[in-house]
Number of protein chains: 2
Amino acid sequence: MSNVKSAERELSPEKTEVILRGAMQEFLEHGYAGARIDKIVAAAGVSKATVYRRFADKAALFTALIQRMAVKIHFFHQQELPPLGEEPVVFLKRYATQVLDHITHNSQELMLFRMIIGESGRFPELGQEFVRNIEKPNIDFLMQYFATHPKLQLADPEVAARTLVGTLIHFRTYALTN
Amino acid sequence: MSNVKSAERELSPEKTEVILRGAMQEFLEHGYAGARIDKIVAAAGVSKATVYRRFADKAALFTALIQRMAVKIHFFHQQELPPLGEEPVVFLKRYATQVLDHITHNSQELMLFRMIIGESGRFPELGQEFVRNIEKPNIDFLMQYFATHPKLQLADPEVAARTLVGTLIHFRTYALTN
DNA sequence: GTCTATACAAAGATAGAC
DNA sequence: GTCTATCTTTGTATAGAC
């Protein structure tokens, strides 16, 4: 006989939100092993018990956070495309510039990429998630773009797409420092 | 009046060697923050005091290890070049295959690349060291190769070299999982 | 110069009050 | 459902014997 509201009275979504926000800061700055639960709860303004009621342990909190970020970044990139009507050379230059600028002005995203790569040996599902959510959509888009623009004379659209995406990500996560 | 031998009686190089070997295992497997000094000394068969007599702290041990590995890998790659007399297309395919195979059969090197990228935000000098010792020599070599083979019709040898190296490293450290 | 034993701090996780 | 207080383990680093 409980009404609808009582059925919802479980874990408050607001607290979950602030926990994840605090966790993001701490994990991005120090990596998985370097992150401290104490710092996360301090930043979130909740107690440890509140964290451990939602997440089994540190690893569960970490993976939950990363998966959430993967989805957000995915949708973000989709909105950012430069106009498709331009000449291919112009479009591709803008596309590349935009990706690099985006990461450059979004230091959290740079830290995220680096962390994913660094932890992907110990959290394989995490690396796969990112391939699925971030790299794959970009590669698929470019593949189709290349395939529908024969004037570019690209023998293999998939190779071209993987090359461009790989070069851009690598250039920003490894070659440059800040 | 001390003879030459007594002047050398400082820290035994053999112990330094086994410490670094144990440290390599542990750091590569768990990253910087995840590595445990206890595990390192256990693997090396020495005491903690012996470690701390040589290295000021964990970070000093870490950076010393990475710099040593950077030098070793640098020299290793130099010896591996496929025959330069081949047709450019053949040579480049072999070069790429060899780099990928090398990392694939050298899981420690893969772990090292991932760790460098993951820690490069917190240890910037470490990322720079690797650019200098590993990426730069490869890029320089390819640049010169491209410049001396005009039939490849590459407008910008440096861009081509960076693209190839970046794509190869990224493909192996991020896109694939194992 | 190297070891054993230990200091000291901090971590992750939980019990019990409200 | 959330907090305070605490348990237990484990970490880095060092003091002192040999």
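Computed from heavy atoms alone, side chains included, the values below leave out hydrogens, waters and symmetry copies. Note on naming: letters A, B, ... go to the chains in the order of the sequence lines (proteins, then strands), and numbering restarts at 1 for each one.
- Side-chain nitrogen and oxygen atoms of B:T50 include none within less than 4.0 Å of the OP1 or OP2 phosphate oxygen of C:dG1.
- Straight-line distance from the NE2 atom of B:H30 to the P atom of D:dT10: 14 Å, rounded to whole Å.
- How far CD1 of B:I117 is from OG1 of B:T173: 4.0 Å, rounded to the nearest 0.5 Å.
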For residues 65-73 of chain B, tabulate all N or O donor-acceptor pairs below 3.5 Å that involve a side-chain atom, not counting sequence neighbours.
from, atom 1, to, atom 2, distance (Å)
B:R68, NH1, B:E17, OE1, 3.2
B:R68, NH1, B:E17, OE2, 2.7

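- As a whole-Å value, the separation of A:F55 CZ from D:dT2 P is 12 Å.
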One character per nucleotide, please: for nucleotides 4-18 of chain C, 5' to 3', B when the base has a protein heavy atom closer than 4.0 Å, S when only the sugar-phosphate does, - otherwise. B------SBBBB---
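- Applying the ring-ring contact (aromatic ring centres under 6.0 Å, His included) criterion to B:Y145, with sequence neighbours excluded, gives B:F91, B:H149.
- Residues forming a side-chain hydrogen bond (donor to acceptor under 3.5 Å, both in side chains) with B:E158 (at least two apart in sequence, or on another chain): B:R162.
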Contacts under 3.5 angstrom, residues 30-45 of chain A side chains, donor-acceptor by atom type, not counting sequence neighbours:
from, atom 1, to, atom 2, distance (Å)
A:H30, ND1, A:E26, OE2, 3.4
A:Y32, OH, A:A59, N, 3.3
A:R36, NE, A:G34, O, 3.3
A:D38, OD1, A:K48, NZ, 2.9

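- With sequence neighbours excluded, no residue forms a side-chain hydrogen bond (donor to acceptor under 3.5 Å, both in side chains) with A:R53.
- The CD1 atom of B:I40 sits 14 Å away from the C1' atom of D:dA13 (whole-angstrom rounding).
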